[in-house]
Chemist: 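Submitted below is the structure of interest, expressed as structure tokens.
Convention: sequence-line order gives letters A, B, ...; per-chain numbering from 1.
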2 protein chains.
Amino acid sequence: MRIGDLARASGLTTKTIRYYEQAGLMPAPPRTPGGYRDYPAEAVTRLTFIRDAQGAGLTLAEIRSVLSLRDSGQAPCGRVTELIDQHLSEIERRLVELRATREALRGLARRAARTDPGTCSQGDICTILTPAAEPRP
Amino acid sequence: MRIGDLARASGLTTKTIRYYEQAGLMPAPPRTPGGYRDYPAEAVTRLTFIRDAQGAGLTLAEIRSVLSLRDSGQAPCGRVTELIDQHLSEIERRLVELRATREALRGLARRAARTDPGTCSQGDICTILTPAAEPRP
DNA sequence: CTTGACCTTCCAGCGCACTGGAAGGTCTAC
DNA sequence: GTAGACCTTCCAGTGCGCTGGAAGGTCAAG
């Protein structure tokens, strides 16, 4: 199948598929006499896998590492499990961070509600965002 | 004060300060006869403000909009409040998204724990990540 | 006069995952 | 034979917030 067919079958663009080849995620396929890429049916599986793995939050570099294990004949389960766990803790970390940012922003919003646009025009650029004096509630 | 002093006073690098000037966040300061940038003391306040605003999650483009309101003599409180509220809802959105991703990854981790590396080597690249058959718990 | 700290400009690159466009080749249908 | 659908390669750009480096100018101390 040609790259356009593969694009339709996988839901990606031809650009993206060529990019994946260049990035080492897709092997270079054989060519037709005219120089067109000629993909086997399994290419769809591989692209679908890449999409699924991306959906799970893996980066292309990580996906490449899984695929190259696979390509060397090994079962990538261990690596995949490791990556999933890594991303889980990364997400936990980001959740904690985001919650902290949310609390900080809520504090600022409270301060903003109390701020008089008339008073705020002294010297400072904006008293809402200056972390100086948030009075203890 | 010269750019190095300002850098020390604000905790940024000279590179960053020049970048802010180029990006329209800092006004071009007067120059010494030798061509050096010569900052007034208020520059520290401005840079501190930029850092605080960044700490609140505002982008440089948003901070620029606040600063240019200020520079045109208006109180930017309204704009600032608006931006804070915007970022709050953006964060809520991301929290929801992240929690969903976490649940998805937890499902995958469960599946990974059940996967036998011997069995997984058939045709597919990795059965853990294929969203096909997650059995109802 | 020289050293060395500091400054200037300009150009280029990072990381990530693409995306756009130009210039040209190939194949099928009419 | 020609339109047009598809393909090829290559180069360059996106967004964001810087960061690095080269090549050169300025200034105070010794």
Chemist: Do Glu82(B) and Asp85(B) have side-chain heavy atoms sitting under 4.5 Å apart?
Modeler: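 No - every pair of side-chain heavy atoms lies 4.5 Å or more apart.
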Chemist: Are Arg93(B) and Glu90(B) close enough, and set up right, to give a salt bridge (charged side-chain N to carboxylate O under 4.0 Å, His left out), and what steps lead you there?
Modeler: CA-CA 5 Å; Arg93(B) 223 183 44 64; Glu90(B) 176 59 17; 3.1 Å; yes
Chemist: What residues from residues 82-97 of chain A pass a heavy-atom cutoff of under 4.0 Å to DNA chain D?
Modeler: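 Of all residues in residues 82-97 of chain A, none places a heavy atom under 4.0 Å from DNA chain D.
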Chemist: Any side-chain heavy-atom pair from Thr45(A) and Phe49(A) closer than 4.5 angstrom?
Modeler: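 When only atoms from C-beta onward are counted, Phe49(A) and Thr45(A) do not touch, as no gap falls below 4.5 Å.
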Chemist: As an exercise, state the distance from CZ of Arg64(A) to CD of Glu62(A), rounded to the nearest 0.5 Å.
Modeler: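 Going from CZ on Arg64(A) over to CD on Glu62(A), the span is 10.5 Å.
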Chemist: Decide, yes or no, whether a salt bridge links Arg46(A) with Glu21(A) under the criterion of side-chain N to carboxylate O below 4.0 Å.
Modeler: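 Not counted as a salt bridge, because no side-chain N and carboxylate O are separated by less than 4.0 Å.
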Chemist: Does Pro33(B) or Arg2(A) map to a spot on DNA chain D nearer the 5' end, using the closest nucleotide for each?
Modeler: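 Its nucleotide being nearer the 5' end, the pick is Arg2(A).
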Chemist: How long is the line joining OH of Tyr19(B) and P of dT19(D), in whole Å?
Modeler: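 Value for this atom pair: 10 Å.
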Chemist: Can you list the steps and then say if His87(A) with Thr101(B) is a side-chain contact (heavy atoms from CB on, under 4.5 Å)?
Modeler: CA-CA 10 Å; His87(A) 278 263; Thr101(B) 307; over 6 Å; no
Chemist: Is any side-chain heavy atom of Asp5(A) less than 4.5 Å from a side-chain heavy atom of Arg8(A)?
Modeler: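 Yes - at least one pair of side-chain heavy atoms lies under 4.5 Å apart.
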Chemist: Show the numbers, then the answer: is there a side-chain contact (heavy atoms from CB on, under 4.5 Å) between Tyr19(B) and Thr13(B)?
Modeler: CA-CA 10 Å; Tyr19(B) 169 73; Thr13(B) 67; over 6 Å; no
Chemist: Can you tell me how far P of dT26(D) sits from CZ of Arg31(B), to the nearest Å?
Modeler: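 My rounded result for the distance is 13 Å.
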Chemist: Do Arg94(B) and Arg94(A) have side-chain heavy atoms sitting under 4.5 Å apart?
Modeler: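 Sidechains of Arg94(A) and Arg94(B): no contact.
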Chemist: In whole Å, I'd like the distance from the CG atom of Leu58(B) to the C1' atom of dC16(D).
Modeler: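 Leu58(B) atom CG is separated from dC16(D) atom C1' by 15 Å.
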Chemist: Between Gln54(B) and dC18(D), is there a side-chain N or O to OP1/OP2 distance below 4.0 Å?
Modeler: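 For Gln54(B), the contact criterion (side-chain N or O under 4.0 Å from OP1 or OP2 of dC18(D)) is met.
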Chemist: Considering only heavy atoms and no angle criterion, is a donor-acceptor pair shorter than 3.5 Å present between the side chain of Tyr20(B) and the base of dG17(D)?
Modeler: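 Under the 3.5 Å cut-off, the side chain and the base do not form any donor-acceptor pair.
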Chemist: Relative to the 5' end of DNA chain C, which residue comes earlier, Thr32(A) or Arg18(B), by the nucleotide with the nearest heavy atom?
Modeler: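 Result: Arg18(B).
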Chemist: Under a criterion of less than 4.0 angstrom to any heavy atom of chain A, what are the 5'-terminal and 3'-terminal contacting nucleotides of DNA chain C?
Modeler: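 From 5' to 3', the first and last contacting nucleotides are dA17(C) to dC27(C).
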Chemist: Please list, by residue number, the residues of residues 6-17 of chain A whose heavy atoms come closer than 4.0 Å to an atom of DNA chain D; answer none if no residue qualifies.
Modeler: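 Only Lys15(A) qualify.
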Chemist: Is the shortest side-chain heavy-atom distance between Leu58(A) and Val80(A) below 4.5 Å?
Modeler: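 They are not in side-chain contact.
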Chemist: What is the distance from CD1 of Ile3(B) to C1' of dT26(D), rounded to the nearest Å?
Modeler: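 After rounding, the reported distance stands at 15 Å.
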Chemist: Linking I/L/V/M/F/W/Y whenever any side-chain heavy atoms sit under 4.5 Å apart, do Leu69(B) and Leu60(B) land together?
Modeler: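 In one cluster: no.
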Chemist: Tell me the interatomic distance from Glu21(B), atom CD, to dT19(D), atom P, rounded to whole angstroms.
Modeler: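 From Glu21(B) CD to dT19(D) P: 17 Å.
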